[in-house]
Amino acid sequence: MKLNTHRWWRDAVIYQVYVRSFLDSTGDGIGDLAGVRAGLPYLKKLGVDGIWLSPFYPSPQHDHGYDVADYCDVDPLFGDLAEFDLLMTDARRLGVKVLLDIVPNHCSSEHPWFQEALVSAPGSAARARFHFADGRGPDGAEPPNNWHAMFGGPAWSRVTEQDGTPGQWYLHMFTPEQPDLNWRNPEVGTHFDHVLRFWLDRGVDGFRIDVAAGLYKHPDLPDSPDPEADARTRDSVNPLAWNQPEVHDVWRHWRSVCEEYTGRDGRERLLVGEVSVRTAREHAQYVRHDELHQAFFFDLLSAPWNADAFRKVISEAMQDIAGTGSTVTWVLNNHDQVRTVTRYGELGTEGSGLGAARARAAALLMLALPGAAYIYQGEELGLPEVVDLPDDVLTDPIFRRTGSRARIRDGCRVPLPWSGHASPFGFTSGVESAKPWLPQPAYFAEYATDRALADTRSFWHLYRDGLQLRAGLPQLGEGVLRWLDTQPGVLGFVRGDGLVCAVNFGTAPTPAPVSGTPLLSSGPCAPGVLPGSTAAWWISDCTNP
Ligand code: NOJ
């Protein structure tokens with residue numbers, strides 16, 4: 001076993017719980033905190049080190065909780081603070097760490113601060129907590145600059161002043177219901193200090209930080225040099241709206257707050273940032289020793305299923321990020337992305353079986369890489385994306401804001417199947433007639449957790465076995481990786497003294513880099529052969545055959 005003196009987060013495996021889709025204890029069709037609590041033994045059995053809970057704070061749910069109206073409470077939709085405390089108690093007893101999702105870039109338009117700003121005059125202290133500005137053009141009818149919102153449309157909306165006249169504009173980098181906070185106003189930082197301490201005092205182990213390369217904007221809010229590029233992508237490309245140098249001061253400060261708590265009881269708290277920046281080198285700036293502990297490395301998630309592409313992003317991460325003294329935080333799925341099983345599939349060729357085989361192989365690859373890993377709920381079941389949700393059930397604001405063009409995020413958020421043969425598949429405990437907030441397709445029956453647990457060939461067993469081995473093998477977890485010379489289309493690397501991982505990205509079998517039976521493989525794997533779309537782990541003293 002590994003020594004427990006190492007810093008737990010450096011190679012932790014965290015399970016992302018998208019609360020509204022995990023398990024519903026009340027029968028209203030929406031998952032809740034009591035559901036998460038009921039699911040903890042399942043997650044313990046899977047073998048994860050901790051969970052990250054998507055936002056459950058009071059919110060009008062325009063962006064499913066990423067529009068926070070009160071940072072220090074629980075939305076009645078999900079429970080209450082007492083229920084949260086019970087969840088913490090159970091998690092502590094089971095040894096499962098709990099991370100909360102904190103949203104500092106913007107709040108909800110229903111947050112009392114924004115409501116106050118709306119009824120306050122231009123130039124008031126209430127408006128100074130946000131980015132309010134006069135419009136351009138005749139009568140100020142044009143937005144203050146040419147920035148685009150990430151979810152479509154302009155990044156500015158105009159308010160009506162108290163006297164009924166069209167007034168100032170406010171900035172929102174996502175939807176109009178998510179006004180951006182002005183981090184140049186010290187009141188904002190002070191407020192978030194209070195929020196951090198509120199939850200740390202309730203025992204949480206850390207925070208996933210939403211839009212961690214956001215917060216600060218260029219102080220003059222000038223026009224973007226390439227508004228067309230900003231409009232074309234959901235990536236943070238506008239250099240004046242993202243990745244401003246001042247944001248690093250915030251992370252240094254938040255780290256010091258975490259260290260203060262660690263100093264009191266020895267328990268390390270973790271900050272993991274959702275950092276969307278252009279290069280691994282920029283990304284590395286966020287995980288310097290006194291800033292965030294981790295930042296999701298999304299390049300692995302966005303790499304196409306191709307050995308060269310995977311090798312390039314892994315090598316860059318190892319060189320640029322691990323060089324900071326931090327570890328890389330790998331991720332293949334989350335609540336904003338098409339699930340791997342579907343993303344890696346090539347429908348029309350070998351059907352979805354190919355996507356599933358590749359997703360299994362990618363999972364073993366990820367769990368063998370040095371650093372930490374995040375698993376998105378349902379990934380351990382091999383859930384595919386639900387691609388045929390009818391328009392009238394879609395709730396993602398991106399769909400609405402792009403004129404119904406982008407059907408991006410609902411398909412990976414469909415509530416989990418737990419048991420049974422028909423929806424709600426045990427998602428709503430004890431209420432068979434309950435209607436999940438997004439409809440579950442009939443084929444979810446095949447993926448239900450009870451079936452997955454009973455079938456040793458399931459995704460669930462692959463993840464569980466991988467996690468168990470990872471926890472017990474000193475070669476895995478943090479450390480270095482050494483590439484092996486392999487055939488084109490195959491990636492192979494060695495961890496520590498002889499744990500070999502190889503992935504065949506092609507569809508034809510290839511000689512395995514190690515003879516003998518693998519310790520674990522993502523599909524059937526005879527000694528000496530690595531079948532197509534398969535990954536395997538071996539223990540070997542032969543490090544470069
Ligand atoms: C990133 C979150 O993952 C996403 O779900 C959310 O819509 C945006 N940030 C805005 O908060």
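Numbering starts at 1 and runs along the sequence shown. One-based numbering, in listed order, for ligands and for the atoms of each.
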**Q.** Qualifying residue, where the test is ring pair (Phe, Tyr, Trp, His ring centres under 6.0 Å) with Trp418 and the options are Phe427, Tyr42, Tyr447
**A.** Tyr42

Q | Cationic tip of Arg20 above Phe78 ring, under 6.0 Å, 45° of axis | A | no

Q. Any idea which atoms of ligand 1 are less than 4.0 Å away from a heavy-atom of Arg409?
A. 4 (C), 5 (O), 6 (C), 7 (O)

Q. Are Trp254 and Pro104 close enough that some pair of their side-chain heavy atoms sits under 4.5 Å apart?
A. yes

Q. What are the atoms of ligand 1, with element, lying closer than 4.0 Å to any heavy atom of Arg413?
A. 5 (O)

**Q.** Pair His248-Glu291, side-chain hydrogen bond (donor to acceptor under 3.5 Å, both in side chains): steps then yes or no
**A.** CA-CA 7 Å; His248 294 283; Glu291 297 200 32; 2.7 Å; yes

**Q.** Crowding at CZ, Arg281 (>12 non-hydrogen neighbours, <6.0 Å)
**A.** no

Q. For ligand 1, which atoms sit closer than 4.0 Å to a heavy atom of Phe151?
A. 7 (O)

Q.
So, 4.0 Å and heavy atoms of His64: is ligand 1 close enough to count as a contact?
A. no

**Q.** Stacked cation flag Arg127 on Phe132, 6.0 angstrom / 45 deg
**A.** yes

Q | Part of Met150 within contact of ligand 1 (heavy atoms, under 4.0 Å) | A | neither

Q: With heavy atoms under 4.0 Å as the rule, classify the contact between Asn334 and ligand 1 as side chain, backbone, both or neither.
A: neither

Q) Taking non-hydrogen atoms only, is Arg208 closer than 4.0 angstrom to ligand 1 via side chain, backbone, both or neither? A) side chain

Q) Looking only at protein heavy atoms, which one is nearest to atom 7 (O) of ligand 1, and how far off is it? A) Asp63 OD2, 2.5 Å

Q: Could you tell me whether the side chains of Ser59 and Asp75 share a donor-acceptor contact shorter than 3.5 Å?
A: no

Q) Only one of Val98, Val19, Leu99, Ile375 forms a side-chain contact (heavy atoms from CB on, under 4.5 Å) with Ile51, so which one is it? A) Val98

Q: Could you list which atoms of ligand 1 come closer than 4.0 Å to a heavy atom of Val211?
A: 9 (N)

Q | Close-contact set for ligand 1 against Asp336 heavy atoms, below 4.0 Å | A | 1 (C), 2 (C), 3 (O), 4 (C), 5 (O)

(Q) My understanding is that we take every heavy atom of each candidate and find the minimum distance to atom 8 (C) of ligand 1. Doing that for Asp210, Val68, Asp396, which one comes out nearest? (A) Asp210

Q: Of the side chain and backbone of His62, name the one, both, or neither that has a heavy atom under 4.0 Å from an atom of ligand 1.
A: neither

Q. What do you reckon, are the aromatic ring centroids of Trp199 and Phe56 less than 6.0 Å apart?
A. yes

**Q.** Region of His106 engaging ligand 1 - heavy atom pairs below 4.0 Å
**A.** side chain

